[in-house]
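Chain identifiers are assigned alphabetically (A, B, ...) following the order of the sequence lines, protein sequences preceding nucleic acid strands; residue numbering begins at 1 within each chain. Just so we're clear, the structure is a prediction, and the values are computed from it rather than from any experiment.
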Amino acid sequence: MVTQIISTMETQASNGPAGTGATGTGPPLAANGADDSKTNLIVNYLPQNMTQEEFKSLFGSIGDIESCKLVRDKITGQSLGYGFVNYVDPNDADKAISTLNGLKLQTKTIKVSYARPSSASIRDANLYVSGLPRTMGQKEMEQLFSQYGRIITSRILVDQVTGVSRGVGFIRFDKRVEAEEAIKGLNGQKPLGAAEPITVKFANSPSQKTGQALLSHLYQGSARRYPGPLHHHAQRFRLDNLLNMAYGVKSPLSLLSRFSPVAVEGVPGLAGVGLAGAGSAGWCIFVYNLAPEADESVLWQLFGPFGAVTNVKVIRDFATNKCKGFGFVTMTNYEEAAMAIAALNGYRLGDRVLQVSFKTSKQHKA
DNA sequence: TCCTATT
């Protein structure tokens, strides 16, 4: 089932230093002994394709950075969608929160808040909750859990079409022990007025990949099977573009970018396509599920690493000049075109899953 | 019956 995430920013949109540290033990100290509680920020919900470079560029625009790190998967190198920024001046950290928190980048709304001091006690504090009454909202769920500790994030999964709760949610506590207590206190219990008991357990850790997760990981990572596009997740965007996007449109792509149902059907066999896509100019490739603001450069960047690209074209609506969701790429050599298709079909670009195939229609010579 | 928040 297709799901949509409801997530609030208010939970930790502006957690101040006072709310970030251990209680009553004085300011938390970093490994080097410095108190970085007023300069060190955590940034969440970054676009998947943002690079360390771009991350640094964006936050460096506020003020001098002592250090910054975009956190990546150890094995795949893929961004995990969050990072840390340590400013030299606490005032810049404050400024970064006030100006960059809630910034809309592509399909994401980033969250910028003070980092809690790193500690083993705050790890693995994320709970998976199921069996919630469909009528229960996020606030209500938080109320239920807040008796066990400080909630860092909470979410309820809803059906994308109907918007109704799926009865499944997540609660991240500040401390693992708080999460443990919540499990003890709430697992198997019926919330007030509920017909069914809820299940409360630790959420799957990021390293656990099962079922759908594994599948999507496979597709998402398909490009990495080939030598070319290791840097595809670094689909470029310029800082000025970022800022334009961020401050420009009011209702951004979040409403438009959904996984297409066909996107999960996987990589089609390359056998059987026959001579589809072949043309005098080369092999024409159909690319579907591009974002409305996609431009030709996206296509160059995606396909260029696989070999000779002679032409790219984004199809736009005449009136709005926005991309209609698809485009064409012409590649000279069959092998390279096939490689690009195999690698990029199912490739996740932001929150979109691309569909890439040889063009089958006879219309449109690229 | 699984969103990705601790360097």
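- Distances shorter than 4.0 Å separate none of the side-chain N or O atoms of Arg116(A) from OP1 or OP2 on dT7(B).
- Partners of Lys324(A) according to the side chain to side chain contact (heavy atoms under 4.5 Å, CB included) rule, which considers only residues two or more places apart in sequence or in another chain, are Ile315(A), Asp317(A), Phe326(A).
- With rounding to whole Å, Arg348(A) atom CZ is found 10 Å from dT4(B) atom C1'.
- Environment of CD in Glu296(A): crowded, with over 12 heavy atoms of neighbouring residues, nucleotides or ligands closer than 6.0 Å.
- One can place CG of Leu46(A) at 14 Å from P of dT6(B), the figure rounded to the nearest angstrom.
- Distance from the side chain of Ser118(A) is smallest for dT6(B) among the nucleotides dT1(B), dC3(B), dT6(B).
- The nearest whole Å value for the distance from the CZ atom in Arg72(A) to the C1' atom in dT7(B) is 12 Å.
- Rounded to a whole Å, the OH atom of Tyr87(A) is 20 Å from the P atom of dT7(B).
- Considering only the side chain of Lys201(A), dC2(B) comes nearest among dT7(B), dC2(B), dT4(B).
- dC2(B) atom C1' lies 12 Å from atom CZ of Arg172(A), rounded to whole Å.
- Applying the side chain to side chain contact (heavy atoms under 4.5 Å, CB included) rule to Asn333(A) yields the partners Ala308(A), Glu336(A); only residues at least two apart in sequence or on another chain are considered.
- Taking every side-chain heavy atom of Ile42(A) into account, dT6(B) is the closest of dC3(B), dT6(B), dT7(B).
- Checked against a 6.0 Å centroid threshold, the rings of Phe286(A) and Phe328(A) count as neighbours.
- Nucleotide dT6(B) holds its C1' atom 9 Å from the CG atom of Asn44(A), rounded to whole Å.
- Atoms CG (Leu157(A)) and C1' (dT4(B)) sit 12 Å apart, rounded to a whole Å.
- For Ala203(A), the listed nucleotide lying nearest its side chain is dC3(B); candidates were dT4(B), dC3(B), dT1(B).
- Residue Tyr82(A) is classed as a sugar-phosphate contact, given heavy-atom separations below 4.0 Å to backbone atoms only.
- Of the residues in residues 182-192 of chain A, not one comes within less than 4.0 Å of DNA chain B through any heavy atom.
- The nearest whole Å value for the distance from the CZ atom in Arg176(A) to the P atom in dT6(B) is 12 Å.
- When hydrophobic residues (I, L, V, M, F, W, Y) are linked wherever their side-chain heavy atoms come within less than 4.5 Å, the members clustered with Ile42(A) are Val71(A), Leu80(A), Tyr82(A), Phe84(A).
- Between Lys108(A) and Ser67(A), the residue whose closest nucleotide on DNA chain B is further toward the 5' end is Lys108(A).
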Sequence neighbours left out, cut at 3.5 Å: what donor-acceptor pairs do the side chains of residues 189-201 of chain A make with other protein atoms?
none

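- Among the protein residues, Asn86(A) comes within range of no part of the nucleic acid, since none of its heavy atoms lies under 4.0 Å from any strand.
- With sequence neighbours left out, Asn126(A) forms a side chain to side chain contact (heavy atoms under 4.5 Å, CB included) with Phe170(A), Arg172(A), Ala203(A).
- Note on Arg166(A): every side-chain N or O is 4.0 Å or more away from OP1 and OP2 of dC3(B).
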